[in-house]
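Some notes on the structure that comes next.
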Number of protein chains: 2
Amino acid sequence: MLAVAFTSDEHIEAPRPANANPRKPSGLLSQLTGGTPRVVDAKDHVFREGDPATSVYRVESGHVCLYRLMPDGRRQVMDFAYPGDFIGLGALGHHAASAQATEKTRLCAFAVATFREIARNQPSLSLNLYEAVSQELQATREMLMNVCQRTALERVASFLLELSRRNERRGEAAHDIVLPMTRTDIADFLGLTIETVSRTFTKLRQDGVIDLEQCILVSIRDPQKLEGLSGGRVERNA
Amino acid sequence: MLAVAFTSDEHIEAPRPANANPRKPSGLLSQLTGGTPRVVDAKDHVFREGDPATSVYRVESGHVCLYRLMPDGRRQVMDFAYPGDFIGLGALGHHAASAQATEKTRLCAFAVATFREIARNQPSLSLNLYEAVSQELQATREMLMNVCQRTALERVASFLLELSRRNERRGEAAHDIVLPMTRTDIADFLGLTIETVSRTFTKLRQDGVIDLEQCILVSIRDPQKLEGLSGGRVERNA
DNA sequence: CGAAGGTTTGACATTAGTCAACTCCGGTGG
DNA sequence: CCACCGGAGTTGACTAATGTCAAACCTTCG
């Protein structure tokens, strides 16, 4: 059963706070209940590129890495989905990306057919869908900018700042970051090699900008300096 | 007045031919009539990053370059809009990119408020909106892949092939390409410098893959070789 | 004809990638 | 308990690709 609670009346032009999570839709979508639970182990796939897009998923716990492959094996990580984020939303017919859990992950599946059913009767939901995908589009364009125009150092710096802001939005410690992904995932996300990512982390540590207790624990010691190194924030929804 | 003709009944899962134009929505959107005409000269802006998104536009003739700027002036071109393409669709509240005509361009403006009005009563239209933005999302992800994972030569080759396919879809000569944008636009689109773009064109010419009559006229002499140099196509909607 | 803007070309500098060795950590089994 | 193994991460030396700077070359347009 799919239940929707109606509380919001803002639509297309509704502005949204600049620090809102672009992949965590507000409005009706976030209030969906009654999906089918699903658990996947680390490295398992939720779906793969080309699979028929029969469901969308909300991440309940754990993390999911969304990526695409080139024929020769080069990989581009498109996004990392955190708890509360939806994955599979922008698919038309077939998934255009693969979704792989970076650790044991719980999800909640909603059938696309049910979505369509509801959308027919409730224009509000389809507008929310539109908004959710638009948010995702903004985020992807932002990323295009981040990755294509920035140097390795700037990419890593903005990556860390982005994770920091994500923590902040979730009410967690802004400057203590747990990386739920490997260096390989980060490298494929930022369009760099693992060696370059590693060297850049080391440089940031040596310069006193971050601490690196274990390789998955980053704490930001000098947020201002990190901001400066990031090449300037490109404001979402500006 | 905004008129919509209803002919299509396929929605979210409807697959779409692989060579469909991702920015030229099928269904209701393409059949919109009654928008407000607007003409902009070469280098004029249709809208700028941060402007309130009050209208969406359909390009009637000419070409529009969509880009974003970083604080220090670096520029990322997100897309080039051709006649029939919609621009401004994914905006939420404010435009996230600037839209600049590369030549004298005629547009047709549709008020966002009117869209919302219709969408309230016609779920089909909001689903079409959803699909249109989803298409745009796919295209942007594709581009992320193209630009982040490919070498300069591969980027230029796929760029030319993409333009060739666009010609084909419009029923024009697939192998004779008129570039409606400057080298600077291409460079900022592909994440390269104008020098690298220029050198790459020269190399393709010297290798007999393309002809370069004037700098805006490219003809593809060896499509197979160009395809090979592009590093493999990443199929849309795969 | 001359100026301006866009394009091409060359010499050189810099960044990031490649290849290879080494380290660190966690898990497994003797 | 400890040794070994494998995977992930780090570091170093070297290479290749792309960017930078500068000059020359076209076109177009006044």
Side-chain angles (χ1 to χ4, degrees), chain A residues 41-43 65 70 72-77 100 102-104 146-157 159-160 177-207 210-218 229 231, chain B residues 41-43 65 70 72-77 100 102-104 146-157 159 178-207 210-218 229 231:
Chain A
D41 283 329
K43 310 219 174 180
C65 171
M70 281 178 56
D72 62 2
R74 277 176 284 184
R75 190 175 76 130
Q76 177 68 49
V77 171
Q100 182 181 37
T102 66
E103 60 188 307
K104 185 170 179 177
N146 284 345
V147 180
C148 299
Q149 296 297 323
R150 293 180 199 245
T151 65
L153 181 60
E154 290 173 333
R155 291 182 212 188
V156 172
F159 175 68
L160 291 176
I177 299 170
V178 180
L179 299 175
M181 69 291 276
T182 66
R183 292 286 186 275
T184 304
D185 290 334
I186 299 176
D188 289 346
F189 183 64
L190 299 178
L192 301 169
T193 59
I194 53 172
E195 292 96 330
T196 301
V197 171
S198 181
R199 273 188 258 269
T200 308
F201 272 122
T202 302
K203 178 166 172 30
L204 287 172
R205 180 167 48 71
Q206 285 170 348
D207 293 357
I210 62 171
D211 272 344
L212 254 177
E213 329 269 322
Q214 305 156 42
C215 58
I216 65 159
L217 274 180
V218 179
L229 293 172
Chain B
D41 283 330
K43 311 221 172 177
C65 171
M70 281 179 54
D72 62 3
R74 276 175 286 184
R75 190 175 76 131
Q76 177 67 49
V77 171
Q100 182 181 37
T102 66
E103 60 189 305
K104 185 172 179 177
N146 283 345
V147 180
C148 299
Q149 297 296 324
R150 293 178 199 247
T151 65
L153 181 60
E154 289 172 334
R155 291 182 213 188
V156 172
F159 176 68
V178 181
L179 300 175
M181 69 293 276
T182 66
R183 293 285 185 275
T184 305
D185 290 333
I186 299 175
D188 289 346
F189 183 66
L190 299 178
L192 301 168
T193 59
I194 52 172
E195 291 94 330
T196 301
V197 171
S198 181
R199 274 187 258 269
T200 308
F201 273 122
T202 302
K203 177 165 172 31
L204 287 172
R205 180 167 49 73
Q206 284 169 349
D207 293 356
I210 62 171
D211 273 344
L212 253 177
E213 329 268 323
Q214 304 155 43
C215 57
I216 64 160
L217 274 181
V218 179
L229 292 173

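Naming convention: chains lettered A, B, ... in sequence-line order (proteins, then strands); numbering from 1 in each chain.
With a 4.5 Å cut-off on side-chain heavy atoms, B:Val178 and B:Leu217 count as touching. A heavy-atom distance below 4.5 Å is found between the side chains of A:Leu229 and A:Leu204. The side-chain heavy atoms of A:Asp211 and A:Val218, taken from C-beta on, include no pair separated by under 4.5 Å. B:Arg150 has its side chain within reach of A:Met70: a pair of non-hydrogen atoms, C-beta onward, lies under 4.5 Å apart. Looking at heavy atoms from C-beta onward, A:Thr200 lies out of side-chain contact with A:Phe159 at the 4.5 angstrom threshold.
Closest heavy-atom contact between A:Gln76 and B:Cys148: OE1-CB, 3.1 Å. Across B:Arg205 and B:Leu212, no two heavy atoms sit closer than the pair CD-CB, 3.8 Å.
If you take NZ of A:Lys203 and P of D:dT10, they are 16 Å apart, rounded to a whole angstrom. B:Gln206 has its CD atom 11 Å from the C1' atom of C:dT9, to the nearest Å. Between the C1' atom of C:dT8 and the CG atom of B:Leu204 lies a distance of 15 Å, rounded to the nearest Å. For A:Ile216 and D:dG7, the CD1 to C1' distance is 15 Å, given to the nearest whole Å. Atom-to-atom, CG of B:Leu212 to P of C:dT8 comes out at 7 Å; the value is rounded to the nearest Å.
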Between the protein and nucleotides 4-6 of chain C, which nitrogen or oxygen pairs come in under 3.5 angstrom?
residue : atom : partner : partner atom : Å
C:dG6   : OP1  : B:Lys43 : NZ           : 2.9

Return a table of donor-acceptor pairs under 3.5 angstrom between the side chains of residues 180-193 of chain A and protein atoms on other chains or two or more places apart.
residue  : atom : partner  : partner atom : Å
A:Thr182 : OG1  : A:Thr184 : N            : 3.3
A:Thr182 : OG1  : A:Asp185 : N            : 3.1
A:Thr182 : OG1  : A:Asp185 : OD2          : 3.4
A:Arg183 : NH1  : A:Cys215 : O            : 3.0
A:Arg183 : NH2  : A:Cys215 : O            : 2.9
A:Asp185 : OD1  : A:Arg75  : NH2          : 2.7
A:Asp185 : OD2  : A:Thr182 : N            : 3.4
A:Asp188 : OD2  : A:Arg75  : NE           : 2.6
A:Asp188 : OD2  : A:Arg75  : NH2          : 3.1
A:Thr193 : OG1  : A:Thr196 : N            : 3.3
A:Thr193 : OG1  : A:Thr196 : OG1          : 3.0

Which parts of nucleotides 15-30 of chain D does protein reach within less than 4.0 Å, heavy atoms only, written one letter per nucleotide 5' to 3' as B for base, S for sugar-phosphate only and - for none?
-> ---SSBB---------
